[in-house]
Structures are given as structure tokens and as C-alpha cells.
Amino acid sequence: MFSIRSGTANDVPLLMAFFQEFAAYERLTTIVTEEQVRQDGFGDRPKFRVLIAEIDGLPAGYALFFDCYSSLRGHGIFLEDLFVLPQFRGKGVGRVLLAHVARITEDANGFGIMFNVLAWNDGAIRFYRRIGATFLDDWKTVCLEQKALHDLANEGLSSEGSD
């Protein structure tokens, strides 16, 4: 039996396990803590939503997403993660999760779903092409973080009021 449900605060340990699996698959590390996930996803002002796929009651994958806004297109959804555990791949889990996110986007009159895919992830790229996703090859994903973020934030503080 296949089901999709919204994640709850009780799912935080499961989400942490998913995040570790996802990070290992993408050859990345995760620094988020259980408390951050609990607060950011299920606190007073949630910063993300999550759907969990289950097959015969077993967790099979998840989709983590949040609202985004384009000055050119309006409201949309940013899909941060779409991940299926290896033993459940090829069973349509990813497609069904993404279809649920698409329904949420359409129900909110959103323009679409934005997401990133690593250049080496040929399986995901083939999947996204098969479902008709548009690849924005002229755009580059940029991330300002850690020391660069800190340095720039502090630079902004020292220049306040110096017009």
C-alpha cells in the first residue's frame, strides 16, 4: 500500500535520518540539528513543508519544499529535496511525491516549482526531462554562506548611516 502524508513534529527523527541518507547520496554534509528542524518546520512560523511517502507503512522518501517568489512570475514553490530511499527507487515514489507538490502549487495558483539538480545526477536529470521540466541552463545557482556571509553582513553593519 502506497501513501503520501504531511510530515509532523513527531517525524523529526525520521526526517533527520532521511537528511543523512540524502546528504550521503549527494556527497554533501548536513549540519542542521533536530531542534532546528523541529522549530523551522513545525514551530510557530514554519519555514518549510514536508511530504512523506510510505509503502506498506515503511518510510520510502520525502519532499521538502517552501514558498518562493519571483518578481517576474509571482508565487511558486521551491523544492529543496526530493529523495527516495534506494530500496524504493523505480517504484514511482519520486513521481508521486512531485505530483503532490505540483498539486499544492496549482492549488495556490503558483507559477511553478523551482529546484536544483546536481550536474552529475544523470538519473534525476533523465527523470526531470521525462516529466517535461525546463532546464534553465543560462542560470547559475549561487550561495553566499559561512565566512563570506558573515563578512558581508558585518560590512553592512559598519556602513549603516554613512550615506
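Note: hydrogens, waters and symmetry copies are ignored here, and every other heavy atom, side chains too, is used. For reference, positions follow the sequence shown, starting with 1.
The side chain to side chain contact (heavy atoms under 4.5 Å, CB included) check on P46 picks up nothing, with sequence neighbours excluded. In this view, S71 satisfies the side-chain hydrogen bond (donor to acceptor under 3.5 Å, both in side chains) rule with no residue, not counting sequence neighbours. Listed by chain and number, the residues in a salt bridge (charged side-chain N to carboxylate O under 4.0 Å, His left out) with K140 amount to none (sequence neighbours excluded). Not a single salt bridge (charged side-chain N to carboxylate O under 4.0 Å, His left out) links R126 to another residue, sequence neighbours left out.
Side-chain contact between L85 and L58 is absent, with no heavy-atom pair separated by less than 4.5 Å. A heavy-atom distance below 4.5 Å is not found between the side chains of V101 and L82.
Residues in residues 106-121 take part in these salt bridge (charged side-chain N to carboxylate O under 4.0 Å, His left out) pairs, two or more places apart or across chains: R103-E106, R103-D107. Among residues at least two apart or in separate chains, ring-ring contact (aromatic ring centres under 6.0 Å, His included) pairs with a member in residues 122-145 are F115-Y128. Screening residues 41-54 for salt bridge (charged side-chain N to carboxylate O under 4.0 Å, His left out) gives R5-E54, R49-D67 as the qualifying pairs, with residues at least two apart or on separate chains. Residue pairs meeting the side-chain hydrogen bond (donor to acceptor under 3.5 Å, both in side chains) criterion with at least one member in residues 88-101: none, sequence neighbours excluded. Here ring-ring contact (aromatic ring centres under 6.0 Å, His included) pairs that include residues 68-88, with residues two or more places apart or in two chains, are F22-F83, F66-F78. Evaluation of the side-chain hydrogen bond (donor to acceptor under 3.5 Å, both in side chains) test over residues 77-88, restricted to residues two or more places apart or in two chains, returns Y62-D81.
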Going by atom type alone, with no hydrogens or angles, which donor-acceptor pairs under 3.5 Å involve a side-chain atom of residues 27-39 and a protein atom two or more places apart or on another chain?
{"unit_1": "T33", "atom_1": "OG1", "unit_2": "Q36", "atom_2": "N", "d": "3.1"}
{"unit_1": "Q36", "atom_1": "OE1", "unit_2": "T33", "atom_2": "N", "d": "3.0"}

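Checked options F18, F42, F65; the residue passing with V50 is F42 (criterion: side-chain contact (heavy atoms from CB on, under 4.5 Å)).
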